[in-house]
Amino acid sequence: MQKAIEAHPKKDQISWIQFDIDQHKELAEMLDVQSVPTVYSVKGGELIERIIGTPDNDEGITEFIDLSVKKVESTDL
């Protein structure tokens with residue numbers, strides 16, 4: 001997944017944050033993480049998009065990024 005993010009043309013518009021849910025249980029609960037990996041796109045504290053589980057291939061994460069960027073660009077968040 002990290003490789004697909006690094007290769008994405010809009011990677012400079014993305015902040016990639018990951019954390020260990022065993023070490024940060026309170027954060028995992030707050031974000032309602034029930035499966036690993038869970039990936040969120042967030043802007044201004046607002047959830048834009050989410051995927052749960054591993055995408056079948058790099059195209060899945062690329063589509064997620066494209067959709068997230070498109071939604072962010074079309075809102076005033």
Side-chain angles (χ1 to χ4, degrees):
M1 203 177 312
Q2 182 73 27
K3 183 178 170 184
I5 292 170
E6 290 300 321
H8 196 278
K10 294 195 175 189
K11 68 179 179 224
D12 295 335
Q13 297 178 19
I14 300 165
S15 294
W16 175 258
I17 301 166
Q18 80 184 52
F19 65 93
D20 184 325
I21 62 170
D22 293 324
Q23 292 182 0
H24 303 281
K25 291 179 182 181
E26 191 172 302
L27 180 59
E29 287 176 19
M30 183 181 82
L31 295 171
D32 195 28
V33 175
Q34 298 179 10
S35 181
V36 177
T38 298
V39 182
Y40 296 92
S41 60
V42 177
K43 171 114 187 211
E46 298 291 326
L47 176 65
I48 303 299
E49 193 64 41
R50 170 177 68 176
I51 54 173
I52 298 171
T54 305
D56 293 334
N57 52 41
D58 286 350
E59 288 178 24
I61 194 68
T62 298
E63 290 172 8
F64 171 76
I65 295 168
D66 290 341
L67 178 61
S68 297
V69 170
K70 184 178 179 179
K71 284 185 174 183
V72 166
E73 291 174 344
S74 68
T75 65
D76 291 330
L77 294 177

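These numbers come from the heavy atoms of this one structure, side chains and all, not from hydrogens, waters or symmetry mates.
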Legend entry - Counterpart residues, salt bridge (charged side-chain N to carboxylate O under 4.0 Å, His left out), relative to Lys25 (two or more places apart): none
Inset, instruction - Could you pull out all residues at least two apart from Glu6 that satisfy side-chain contact (heavy atoms from CB on, under 4.5 Å)? - result: Gln2, Lys11
Inset, instruction - Not counting sequence neighbours, which residues clear side-chain contact (heavy atoms from CB on, under 4.5 Å) with Leu27? List them please. - result: Phe19, His24, Met30, Leu31
Legend entry - Worked verdict on Val39 versus Arg50 for side chain to side chain contact (heavy atoms under 4.5 Å, CB included): CA-CA 6 Å; Val39 182; Arg50 170 177 68 176; over 6 Å; no
Inset, instruction - Apply side-chain hydrogen bond (donor to acceptor under 3.5 Å, both in side chains) to Gln23 and list each qualifying residue two or more places apart in sequence or on a separate chain. - result: none
Inset, instruction - List for me each residue that meets side-chain hydrogen bond (donor to acceptor under 3.5 Å, both in side chains) alongside Lys10, sequence neighbours excluded, and say none if there are none. - result: Glu73
Legend entry - Shared hydrophobic cluster, Val36 / Tyr40 (ILVMFWY, side-chain heavy atoms < 4.5 Å): yes
May I have the list of side-chain donor-acceptor pairs in residues 57-68 shorter than 3.5 Å, sequence neighbours left out?
{"from": "Asn57", "atom 1": "OD1", "to": "Glu59", "atom 2": "N", "distance (Å)": "3.0"}
{"from": "Asn57", "atom 1": "OD1", "to": "Gly60", "atom 2": "N", "distance (Å)": "3.0"}
{"from": "Thr62", "atom 1": "OG1", "to": "Asp58", "atom 2": "O", "distance (Å)": "3.0"}
{"from": "Asp66", "atom 1": "OD1", "to": "His8", "atom 2": "NE2", "distance (Å)": "2.6"}
{"from": "Ser68", "atom 1": "OG", "to": "Ser41", "atom 2": "OG", "distance (Å)": "2.9"}
{"from": "Ser68", "atom 1": "OG", "to": "Phe64", "atom 2": "O", "distance (Å)": "2.9"}

Legend entry - Residues forming a side-chain hydrogen bond (donor to acceptor under 3.5 Å, both in side chains) with Glu49, sequence neighbours excluded: Lys71
Legend entry - Results of side-chain hydrogen bond (donor to acceptor under 3.5 Å, both in side chains) for Glu26 - residues two or more places apart only: none
